[in-house]
2 protein chains.
Amino acid sequence: MANIRDLARMAGVSVSTVSRVLNNHPYVSEEKRTAVLQAIEKSSYHKNINAVNLSRGKTMLMGVVVPYSDHPYFSLMIKGIAKLALDHNYKLVLIQTDYREDRELEALEMLREKQIDSLIICSRTCSMDIVREYAGYGHIVLCENNNDEAVSVTYVNHYRAFYRALTYLYQNGHVKIGYCIGRKTGVNSLQRQAAYRDFVSKYNLGFNEDYIIGDCLYFEDGEKVVNKLREMASPPTALLVTSDQVAAGIVTCCQKLDIAIPGELAIIGFDNQPIAKMMDITTVKIPIEEMGSNLFLQAFNGDKSRKEMQVRLIERGTV
Amino acid sequence: MANIRDLARMAGVSVSTVSRVLNNHPYVSEEKRTAVLQAIEKSSYHKNINAVNLSRGKTMLMGVVVPYSDHPYFSLMIKGIAKLALDHNYKLVLIQTDYREDRELEALEMLREKQIDSLIICSRTCSMDIVREYAGYGHIVLCENNNDEAVSVTYVNHYRAFYRALTYLYQNGHVKIGYCIGRKTGVNSLQRQAAYRDFVSKYNLGFNEDYIIGDCLYFEDGEKVVNKLREMASPPTALLVTSDQVAAGIVTCCQKLDIAIPGELAIIGFDNQPIAKMMDITTVKIPIEEMGSNLFLQAFNGDKSRKEMQVRLIERGTV
DNA sequence: GTAGGGTGTGAAACGCGTTCCAGGTCAACT
DNA sequence: AGTTGACCTGGAACGCGTTTCACACCCTAC
């Protein structure tokens with residue numbers, strides 16, 4: 001494989017000149033440019049990007065940390081990131097963590113070792129202390145409401161969104177309200193929990209641990225949720241479901257079991273994925289793809305910033 | 001930032017010795033090893049992976065080309081790839097093409113420029129002539145039934161699978177059978193079309209272009225399909241749907257419209273995703289995740305191989 | 001006429017870890 | 001005593017593109 005020095009020799013010019021031609025720098029005579037281009041042609045030369053990376057100190061790769069890449073929420077976010085990445089000539093390195101801290105650390109290590117220029121953590125597991133340690137090695141951006149100065153963030157106010165949805169259910173006559181969530185820990189989940197606690201306490205509804213159902217990620221988890229409800233002596237009459245997929249699964253399962261929606265069980269989904277529209281599910285719209293794009297821009301630009309995305313309750317037929 | 005030469009100086013040893021320590025090579029005295037480790041500690045040294053990549057000529061990155069990363073079929077495949085990648089210390093670079101040839105070419109360029117060691121193309125758009133050109137730069141593996149010697153492949157026999165499913169519908173009394181598919185071109189789609197043509201011709205069922213419905217990828221596309229059927233003077237009584245998501249969407253939509261399944265419309269999905277199980281949809285099981293894992297291994301090992309994955313019809317309630 | 005600016009070019013340093021090769025030491029074996 | 005081999009170490013080349021600096025030429029401007 002020819003390298004840039006071979007080209008220089010072939011074209012009878014210096015390495016610098018070849019580099020200039022390769023990178024379209026000005027100040028190369030037409031004559032030499034042609035000679036270099038011919039040499040490139042003849043030797044079927046191609047840059048070794050690793051040498052470029054080493055030399056330039058950047059790789060045009062951005063890391064993206066997600067717990068599950070096959071979850072619609074995250075794949076939509078990735079889509080938003082990918083769209084902008086393409087425009088800015090960046091490639092994405094996908095790091096799927098399954099919420100394991102060691103995987104997240106690996107991603108941070110990649111940042112430190114300069115394999116990626118910056119890192120987007122769509123859902124964080126490891127502590128902010130650790131994240132902060134790595135912030136000096138490249139831009140880190142998070143998808144959570146976080147005031148840490150070392151990172152940029154794009155987030156939605158999950159507390160407010162949750163509280164709003166709960167209030168809506170209350171206004172519709174529900175007093176036994178539960179919710180389904182992916183994992184129970186994590187900044188976003190804790191904010192939702194706080195909203196829930198504040199809400200039940202404000203309206204004196206009584207906090208019931210059983211009404212919080214975890215591990216709800218996919219459509220098929222809806223079945224599990226319905227089964228849990230059926231086992232309860234006093235099941236909730238309404239559910240906030242933090243993913244439209246799961247909401248759709250619940251609705252589907254209820255139809256099968258002749259549980260009337262919203263009569264016997266009201267549902268509010270989250271995200272406003274197409275499935276919610278199709279199944280006429282009331283939902284809290286989260287601009288996931290747009291968030292992804294914003295995450296990219298923050299990682300790309302590098303100046304520390306905070307961006308709150310607006311959510312909206314979309315009233316449909318499940319409440 | 002300290003580099004390996006700084007370390008050598010600090011520890012009073014040669015660069016080679018430092019390298020040996022860094023890479024856990026044998027034949028380093030305990031004394032020097034300690035000195036080096038101390039130097040590493042003191043300088044908070046970290047490898048520049050780009051130098052390693054340049055030197056070693058590989059990056060431990062594998063490219064993964066998919067048309068849509070948010071489609072359940074591909075995200076599951078990615079999951080399968082990612083699982084093995086993790087075991088083998090590889091990271092994945094995701095290239096989402098939207099079936100645009102230029103994006104696929106970019107991925108191939110990355111291979112040529114040594115940014116990735118090998119490339120998995122989950123769904124190909126560009127010609128095999130082009131792919132072949134790049135095969136010399138690293139292992140390329142495809143997810144299609146392809147005899148090209150330059151690449152490895154993992155595939156399912158879509159012709160046989162489709163034919164089998166069609167026959168099953170025929171045996172169940174259907175003579176007006178249509179199918180839904182993502183894109184109409186592509187090796188896999190053409191194989192399915194061939195099966196369809198052969199099937200209708202064998203049983204003299206008449207080939208009806210309208211019975212082939214394209215652009216069916218997501219749950220919500222089910223609605224579009226049902227609408228199309230309702231516009232037909234003589235709609236099919238059975239549909240092969242090349243994605244369980246879409247099949248689920250169709251079933252859901254039919255329930256809404258009181259179209260009896262399988263009475264008025266029989267459905268066979270593909271993939272056997274959890275949603276199919278939950279909604280009791282008859283489907284052709286494709287071991288997608290396993291395929292992903294196999295794709296990884298082929299890319300990793302590099303010896304040209306061909307692996308056919310077995311599919312199985314799972315009889316449920318929609319036929 | 002000379003100073004200054006634009007244009008064009010090459011040498012050399014820089015980014016940095018890996019690995020081959022030569023050479024040295026010391027104990028074990030013939 | 002001499003050879004063999006395991007163990008240990010360092011020098012230097014290698015992978016390769018980028019970029020800075022110095023320099024040279026030519027033309028315009030004062």
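Chain letters run A, B, ... following the sequence lines, proteins first and then strands; every chain starts at 1. Source: prediction; values computed, not measured.
The ring pair (Phe, Tyr, Trp, His ring centres under 6.0 Å) contacts involving residues 96-145 of chain A comprise Tyr68(A)-Tyr99(A), where partners must be two or more places apart or lie in separate chains. The side-chain hydrogen bond (donor to acceptor under 3.5 Å, both in side chains) pairs that include a residue from residues 28-42 of chain B number zero, where partners must be two or more places apart or lie in different chains.
Note: Phe296(A) and Tyr90(A) have perpendicular aromatic rings, judged against thresholds of 30 and 60 degrees for the angle between ring planes.
Defined by atom type and a distance below 3.5 Å, a donor-acceptor pair is present between the side-chain atoms of Asp117(B) and Thr59(B). Under the 3.5 Å distance criterion, with hydrogens and angles disregarded, no donor-acceptor pair is assigned to the side chains of Asn188(B) and Tyr155(B). Between the side chains of Thr154(B) and Asn294(B), at least one donor N or O lies within less than 3.5 Å of an accepting N or O. There is no side-chain donor-acceptor pair under 3.5 Å between Glu101(A) and Thr125(A). In the model, Asn147(B) has a side-chain atom that pairs as donor or acceptor with a side-chain atom of Arg306(B) under 3.5 Å.
Of the inter-residue distances, the one linking Ser43(A) atom OG with Met10(A) atom CE reads 4.5 Å to the nearest 0.5 angstrom.
Near DNA chain D, meaning a heavy atom under 4.0 Å away, the residues from residues 42-62 of chain B are Ala51(B), Leu54(B), Ser55(B).
Taking atom CD1 on Ile4(A) and atom P on dC14(D), their separation rounds to 18 Å, with Å as the unit.
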Query - Summary of protein contacts for nucleotides 3-11 of chain D, nucleotide by nucleotide, where a base hit scores B, a sugar-phosphate-only hit scores S (4.0 Å, heavy atoms) - result: ----SBBBB
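Side chains of Val153(B) and Gln298(B) form no contact here, defined as non-hydrogen atoms less than 4.5 Å apart.
Between chain A and DNA chain C, the heavy-atom contact criterion of under 4.0 Å yields a 5' to 3' nucleotide range of dT7(C) to dC16(C).
Applying side-chain hydrogen bond (donor to acceptor under 3.5 Å, both in side chains) to His46(B) and the options Arg112(A), Lys114(A), Glu113(A) leaves one that passes, Arg112(A). Each of Ile49(A), Asn48(A), Val52(A), Asn50(A) was checked for a side-chain contact (heavy atoms from CB on, under 4.5 Å) with Gln115(B), and the lone residue meeting it is Ile49(A).
Over its full length, the helix from dG1(C)-dC30(D) to dT30(C)-dA1(D) turns its helical axis through 40°, comparing axes from the five pairs at each end and rounding to 10°.
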